[in-house]
Amino acid sequence: MTIPDQSYFPFMSGDETMDLLARQIRQTVLEYVEKSRLQSLVLGISGGIDSALCAALLQPVCEQLHIPLIGRSITIETNKEDEIQRSIAVGRAFCHDFEHLDITGTFLENKKLLVQFDDSHLSKLRQGNMKARMRMMVLFDLAQLHRGMVISTDNYTEFLTGFWTLHGDVGDYAPMQHLWKTEVYNLATFLLREENEAQRAALQSCIDATPVDGLGISQSDCEQLGVPNYFEADKVFAAFFQGDESLRDHVLIQRYFASEYKRQNPMGISRAILMQE
C-alpha cells in the first residue's frame, strides 16, 4: 500500500514555502523538458483549480524554453456553462495555443457502441469514464503532433482516493501529484500575486469554484467522495496515516484501500510469486 511518510505532514503553507514550491516545480519540469528534448507541453483545461494551477505554473517554464503551452478545453454535454467559461478564461490567459472543443456529437456516436445504459449511478460512471478517455485521445494526439507531453493535473488527495479514470484523465508528467488538495489551494492563492489582471481573474474564479469533474456523475467532487470539502478529506487522511485507526472504516479510507490497483496500474504478479513452488 502507498503509505505517505512524515514529510507529507503538516500541509505546506506560508509565503516562503509556497515561493520555494513554485520554483522547485518549475525548475524540475524545465530540466525534464530540456533533457527529453520536448517541443511542447499539452494541458487539458477543465475550469477547475488543478488544471488552472498547472497552467499558471507551466506558462513561464514554456516561455523560458521558447516552446508552446498548448491548452484545450474539451467539453461534452454534461459540462455546465460556468465550467466552460472558466476553462476558456484560463486557456486564453495562460496558454500560447488554445482552443475550446465541444465533442458532444462524437461522444453520443461512440456511446452507441456500449450497452445497457440507464439512469443508475453505474451508468453515469461508465459514461463519465468514456468522456475522460475521449478527451485524452485528443490531448495525446496533440502531444504527438507537436512532439510534447501531456500534463497530468491530479493531486495527492485524488491519487489516494483513486479519483481519476484509468487510461483517461492521466497524462505523462504530474507536477502536482504529491501536493495535497489543501496545498493546491495554498499555492494557487500565492501565485495570484505574480499574475496579470486577466490571469488573476481566471485563477481566482477557479479557486472560488465548487470542484466538479464535469462528467455528469454528481454535483461535486466532494459529493462523490462523501466529505463536505477537500480540506476535511485531507484532515482525515492525515489523521489515519499518523495512526488514528478509528478512521479505518471512513469512506475515504475505504476508497484508498479499494483503489490500490489504480496506483499500481497495471497490477502485475511479482517474479517472487511466479517462482514459488
Side-chain angles (χ1 to χ4, degrees), residues 4-33 41 43-65 69 71 83 86-87 89-91 93-95 150-161 163-164 169-213 220-222 225 227 229-238 241:
D5 60 41
Q6 291 306 301
S7 67
Y8 284 82
F9 311 108
F11 306 131
M12 290 185 283
S13 61
D15 288 354
E16 289 187 8
T17 301
M18 292 298 104
D19 179 60
L20 176 62
L21 184 57
R23 287 189 282 111
Q24 292 281 38
I25 290 173
R26 285 167 170 163
Q27 183 60 32
T28 305
V29 174
L30 185 147
E31 290 172 359
Y32 183 84
V33 171
L41 295 181
L43 178 65
I45 301 175
S46 66
I49 183 61
D50 298 309
S51 58
L53 177 55
C54 278
L57 286 167
L58 298 178
Q59 184 203 40
V61 174
C62 290
E63 291 181 347
Q64 185 173 343
L65 292 169
L69 176 60
E83 296 172 60
R86 287 196 306 273
S87 68
V90 169
F94 291 102
C95 295
V150 178
I151 298 298
S152 275
T153 63
D154 57 321
N155 56 68
Y156 199 55
T157 312
E158 293 173 346
F159 180 69
L160 292 178
T161 53
F163 195 54
W164 76 89
D169 42 1
V170 179
D172 299 308
Y173 193 102
M176 306 190 314
Q177 191 175 73
H178 290 279
L179 294 185
W180 295 95
K181 190 77 170 193
T182 297
E183 295 168 334
V184 167
Y185 280 106
N186 291 344
L187 182 54
T189 301
F190 172 79
L191 289 183
L192 288 171
R193 68 189 65 187
E194 72 176 41
E195 312 299 354
N196 62 38
E197 185 176 352
Q199 291 169 337
R200 280 196 302 274
L203 187 54
Q204 184 68 61
S205 70
C206 294
I207 292 171
D208 295 338
T210 298
V212 62
D213 60 18
S220 72
D221 292 356
C222 294
L225 294 175
V227 290
N229 53 62
Y230 269 113
F231 301 105
E232 181 66 26
D234 288 350
K235 289 179 183 178
V236 169
F237 275 124
F241 288 129

Exercise. Under the side-chain hydrogen bond (donor to acceptor under 3.5 Å, both in side chains) test, which residues partner Gln64, sequence neighbours left out?
Worked result: none
Seminar exercise, completed: Sorted by chain and number, sequence neighbours left out, side-chain hydrogen bond (donor to acceptor under 3.5 Å, both in side chains) with Tyr185 holds for none
Would you say [X]'s side chain and [Y]'s backbone share a donor-acceptor pair under 3.5 angstrom?
X	Y	result
Glu232	Asn229	no
Glu158	Phe163	no
Ser152	Gly171	yes

If you compare all heavy atoms of [X] against all heavy atoms of [Y], which two are closest, and at what distance to 0.1 Å?
X	Y	result
Phe94	Glu195	CE2-OE1, 3.6 Å
Trp164	Phe159	CZ3-O, 3.3 Å
Leu43	Cys54	CD1-CB, 4.0 Å
Leu191	Ala22	CD2-CB, 4.1 Å
Tyr173	Val29	CE2-CG2, 3.6 Å
Thr210	Ser220	CG2-CB, 3.7 Å

For this session: Would you please test Asp208 and Gln204 for side chain to side chain contact (heavy atoms under 4.5 Å, CB included) and show each step?
Result: CA-CA 6 Å; Asp208 295 338; Gln204 184 68 61; 2.9 Å; yes
Side-chain contact, heavy-atom cut-off 4.5 Å: [X] with [Y]?
X	Y	answer
Ser46	Ser87	no
Asp169	Thr153	no
Val33	Leu41	yes
Ile207	Leu192	yes
Leu57	Leu187	yes
Met176	Leu179	yes

Gap separating the [atom1] atom of [X] from the [atom2] atom of [Y], nearest 0.5 angstrom:
X	Y	atom1	atom2	value
Ile151	Ile45	CD1	CD1	11.5 Å
Ile49	Cys206	CD1	SG	6.0 Å
Leu53	Leu58	CG	CG	8.5 Å
Glu183	Thr157	CD	OG1	8.0 Å

Donor-acceptor pairs under 3.5 angstrom involving side-chain atoms of residues 6-13: please list them, not counting sequence neighbours.
residue : atom : partner : partner atom : Å
Ser7    : OG   : Asp5    : OD1          : 2.3
Tyr8    : OH   : His178  : ND1          : 2.6

Exercise. Only one of Tyr230, Trp180, Phe237 forms a ring pair (Phe, Tyr, Trp, His ring centres under 6.0 Å) with Tyr156, so which one is it?
Worked result: Trp180
Contacts of type salt bridge (Lys or Arg N to Asp or Glu O under 4.0 Å), residue [X], not counting sequence neighbours:
X	result
Asp19	Arg23
Glu194	Arg26
Asp50	Lys181

For this session: Any chance you could lay out the side chain to side chain contact (heavy atoms under 4.5 Å, CB included) test for Val90 and Ser51, step after step, and finish with the verdict?
Result: CA-CA 9 Å; Val90 169; Ser51 58; 5.9 Å; no
